[in-house]
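Some notes on the structure that comes next.
Labels below follow one simple rule: chain letters A, B, ... track the order of the sequence lines, proteins then strands, and each chain is numbered from 1.
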Amino acid sequence: MSFFTGSDGQLILAPRNAVPDSNGILKDANGNTVERLIAKVKSWTFTSSTATLDVTSLGDTDRTFREGIRSASGNAEIFYYTNTTASGTNVTELIEFQLGERTDTEAGFASDDEPEKFTLKFLMARGTQNPYYLIGRCAITSMSIQMAVGEIASASIAFDINGALVKYRI
Amino acid sequence: MTASPLSTDIYDQVNPESPFDVYRPTTRQFTSGSFPVKTFQAQNGAEIRILYGNQLTGKKLNLTYANVTDAVAYHFIQHYVEMRGSYKTFTMGDVNDDGYRSGWKGPREGIGAERWRMRYRYAEEPQVQSTYINRSTVSISLIAVPIP
């Protein structure tokens, strides 16, 4: 059994309509790899929740419930970093999703039926092992940028995931 | 016309069990009913009351069944149709402590209607709210009236 540390974690960005292959690599309709590593991610968190439907009735002494709607969300803290590479990106692209012009091209909503703007992969990988990952279609629900004396500028971003996870391996 | 479970007419399809005897409500709210009293007040504030009957009437019972299956919700609709809405009166299984009585530990007379020579009828149609796949919340409003 192996443990994972921060050096094994990655947050990967892909376009809204990217589809994972059998290994979880996000690709476009032509089979080209379109996922890009977001640089300088300090931390990420993924949360999945299930609402409960109370079915406790008169005469019961203990609460009983049924499972209801399931939801997932995430957040990340990313250092403010503007350099890019051929296969990588940075927090400014995510910020552009939140602050950019709301048009039907590129950074904006593609249509009213598809509120999610991008695909995110929360990944843990060590060495040559097959990575563990969670892939979801996301929209940013809040974002803040922090700047302080003696600190590295960073952004805190919260996401909601639309629908069920596209693919996961845990 | 005799209702039969074999009838193909949806208005004649009855469930042999009353839903009020089978399912436990999530909430229950009821009143005791009142006597038919008419009050006359004189200009000096003096009051004269006339009692027109010696039986309780208008006992209200509101039941909520939260997050039940859609089949249970339909059972209540079937019962409402069987009673032809607020036309027919019905008993509520006053002899057992389950179903709509669940959780009531006081005397049965406190919650029932038959001992007071009343029977329940629907005050309005059942309200069904869908809450999830195969889950609905049903609200029932009944009123008890004297047996003629």
Spell out, yes or no, whether [X] and [Y] are grouped together once hydrophobic residues are joined by side-chain heavy atoms under 4.5 Å, including indirect joins.
{"X": "A:I157", "Y": "A:I38", "result": "yes"}
{"X": "B:I143", "Y": "B:F90", "result": "no"}
{"X": "B:Y23", "Y": "B:I140", "result": "yes"}

Count the heavy atoms of every other residue, nucleotide or ligand shown that sit under 6.0 Å from [atom1] of [X], and state whether that count exceeds 12.
{"X": "B:Y132", "atom1": "OH", "result": "yes"}
{"X": "A:F4", "atom1": "CZ", "result": "yes"}
{"X": "A:R70", "atom1": "CZ", "result": "no"}
{"X": "B:I50", "atom1": "CD1", "result": "yes"}
{"X": "B:Q129", "atom1": "CD", "result": "no"}
{"X": "B:I147", "atom1": "CD1", "result": "yes"}
{"X": "B:W104", "atom1": "CH2", "result": "yes"}
{"X": "B:R117", "atom1": "CZ", "result": "no"}

> Taking only heavy atoms into account, what residues of residues 27-46 of chain B are found under 4.5 Å from chain A?
Replying inline: B:T27, B:R28
> Which members of residues 53-67 of chain B, sorted by number, sit under 4.5 angstrom from chain A on a heavy-atom basis?
Replying inline: B:A66, B:N67
>> On a heavy-atom basis, which atom in B:R135 and which in A:L53 lie closest, and how many Å separate them?
In response: CG-CD1, 4.0 Å
>> Show the nearest heavy-atom pair for residues B:S102 and A:G59, with the distance to one decimal.
In response: OG-CA, 3.7 Å
> About how many Å separate OG1 of B:T131 and CZ of A:R66, when rounded to the nearest 0.5 Å?
Replying inline: 12.0 Å
